[in-house]
Student: 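The structure is given below, and queries will be raised subsequently.
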Amino acid sequence: MQPETEIKYFKFLPDEYPTLNLIFAGDFNCPQSHSVFNPLRKMGYQSILVGQKTSLKQKCKKNKYLASEYDNMYYKTSKIKRMNAGIIPFYKDFNTLKEARRISDHIPIWFEFSLN
């Protein structure tokens, strides 16, 4: 799998849809710090999460449940105002990480915003 191959095409979408307020959301299999996001950053897009891991580990080690910061959303700061954003740590509602992983191996992320 090469997620960078798909992500690099995002930079073409704002010109394809100039009247839309695009938000790129998903499991990118790349952290927000990856250079593949540089073209979006240069166009004024920002990630809602920085340094926030969103995938669940296979096994809890040293009270650490989260593995990678792959899930995120990118928004254009000139068109969208960020109000708040975060994660939903649903795994804390389960007795074991294995039980939580039956639901998902990723935790939900959320984004509250207004349009400029």
Side-chain angles (χ1 to χ4, degrees):
M1 179 185 341
Q2 293 182 330
E4 299 90 346
T5 304
E6 297 172 18
I7 294 168
K8 70 181 183 180
Y9 290 103
F10 290 174
K11 65 185 175 192
F12 300 114
L13 294 173
D15 284 341
E16 284 288 317
Y17 304 99
T19 61
L20 299 181
N21 292 312
L22 297 178
I23 296 175
F24 298 95
D27 171 2
F28 297 109
N29 286 311
C30 283
Q32 57 78 33
S33 58
H34 196 289
S35 62
V36 74
F37 293 108
N38 285 346
L40 279 183
R41 282 191 275 274
K42 287 178 185 168
M43 296 169 72
Y45 283 82
Q46 188 173 23
S47 63
I48 65 162
L49 302 174
V50 175
Q52 174 63 62
K53 294 178 179 181
T54 58
S55 64
L56 294 176
K57 290 185 173 202
Q58 292 285 336
K59 293 187 175 167
C60 179
K61 293 177 185 159
K62 297 182 183 174
N63 220 19
K64 304 273 188 212
Y65 297 90
L66 300 174
S68 303
E69 52 175 299
Y70 287 168
D71 305 278
N72 220 323
M73 296 183 209
Y74 292 82
Y75 67 100
K76 188 154 189 164
T77 58
S78 63
K79 293 185 173 190
I80 296 170
K81 180 182 177 188
R82 175 196 165 124
M83 312 281 283
N84 208 346
I87 62 165
I88 300 173
F90 78 92
Y91 58 90
K92 292 180 179 181
D93 295 332
F94 290 85
N95 292 322
T96 66
L97 195 56
K98 185 177 180 180
E99 286 179 21
R101 287 178 59 85
R102 286 187 192 135
I103 302 297
S104 178
D105 62 337
H106 291 258
I107 57 174
I109 64 173
W110 58 271
F111 180 32
E112 183 181 342
F113 61 90
S114 66
L115 300 177
N116 290 348

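Every value quoted in this text rests on a predicted model; they were computed, and no experiment measured them. Computed from heavy atoms alone, side chains included, the values below leave out hydrogens, waters and symmetry copies.
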Student: Tell me, yes or no, whether the heavy-atom count around E99 atom CD, taken from other residues, nucleotides or ligands under 6.0 Å, exceeds 12.
Tutor: yes
Student: Treat each ILVMFWY residue as a node, draw an edge where side-chain heavy atoms are under 4.5 Å apart, and state whether F37 and F24 are in one component.
Tutor: yes
Student: Among residues at least two apart in sequence or on other chains, which ones pass side-chain hydrogen bond (donor to acceptor under 3.5 Å, both in side chains) with R82?
Tutor: none
Student: Parallel, tilted or perpendicular: which fits the ring planes of F113 and F111, with parallel below 30° and perpendicular above 60°?
Tutor: tilted
Student: About how many Å separate CZ of R102 and OG of S104, when rounded to the nearest 0.5 Å?
Tutor: 14.0 Å
Student: Given a cutoff of under 4.5 Å between side-chain heavy atoms of I, L, V, M, F, W and Y, with clusters grown through shared members, what are the other residues clustered with F12?
Tutor: Y9
Student: If you measure from CG on N29 to CD on E6, what distance do you get to the nearest 0.5 Å?
Tutor: 9.0 Å
Student: Quick one: does E69's side chain have a donor or acceptor within less than 3.5 Å of a partner on G51's backbone?
Tutor: yes
Student: Does one hydrophobic cluster hold both I23 and L49, with members joined at side-chain heavy-atom distances below 4.5 Å?
Tutor: yes
Student: Can you classify the ring geometry of F10 versus F28 as parallel (below 30°), tilted (30 to 60°) or perpendicular (above 60°)?
Tutor: perpendicular
Student: Heavy atoms, side chains only, cut-off 4.5 Å: are I109 and M73 in contact?
Tutor: yes
Student: Can you list every pair that meets side-chain hydrogen bond (donor to acceptor under 3.5 Å, both in side chains) and has a residue in residues 87-97, with sequence neighbours left out?
Tutor: none
Student: How long is the gap from CD on E112 to CD1 on I48, to the nearest 0.5 Å?
Tutor: 11.5 Å
Student: Do you know the tightest heavy-atom contact between E4 and V36?
Tutor: O-CG2, 3.7 Å
Student: Please report the interatomic distance CG(N38) to NZ(K11), rounded to the nearest 0.5 Å.
Tutor: 10.5 Å
Student: Check step by step if side chain to side chain contact (heavy atoms under 4.5 Å, CB included) holds for S68 and K53.
Tutor: CA-CA 5 Å; S68 303; K53 294 178 179 181; 5.8 Å; no
Student: Do I80 and N116 have side-chain heavy atoms sitting under 4.5 Å apart?
Tutor: no
Student: Applying side-chain hydrogen bond (donor to acceptor under 3.5 Å, both in side chains), name anything that partners Q46, two or more places apart in sequence or on another chain.
Tutor: Y75
Student: Quick one: pull up NZ in K98 and SG in C60 and give me the separation to the nearest 0.5 Å.
Tutor: 15.0 Å
Student: Taking all non-hydrogen atoms of both residues, which atom of R41 and which atom of S35 are closest, and how far apart?
Tutor: NH2-CA, 4.3 Å
Student: Measuring from atom OG1 of T54 to atom CD1 of I88, what distance do you get when rounded to the nearest 0.5 angstrom?
Tutor: 12.5 Å
Student: For S47, give me all partners under side chain to side chain contact (heavy atoms under 4.5 Å, CB included), at least two apart in sequence or on another chain.
Tutor: Q32, V50, N72, Y74
Student: Could you list the residues that satisfy side-chain hydrogen bond (donor to acceptor under 3.5 Å, both in side chains) with D105, not counting sequence neighbours?
Tutor: none
Student: Are the side chains of K76 and P14 in contact, using a 4.5 Å heavy-atom criterion?
Tutor: no
Student: Can you name the closest pair of heavy atoms from P18 and K79 and give their distance?
Tutor: O-NZ, 3.4 Å
Student: Side-chain contact, heavy-atom cut-off 4.5 Å: Y65 with I107?
Tutor: no
Student: Does the side chain of P3 come within less than 4.5 Å of Y70's, by heavy atoms?
Tutor: no
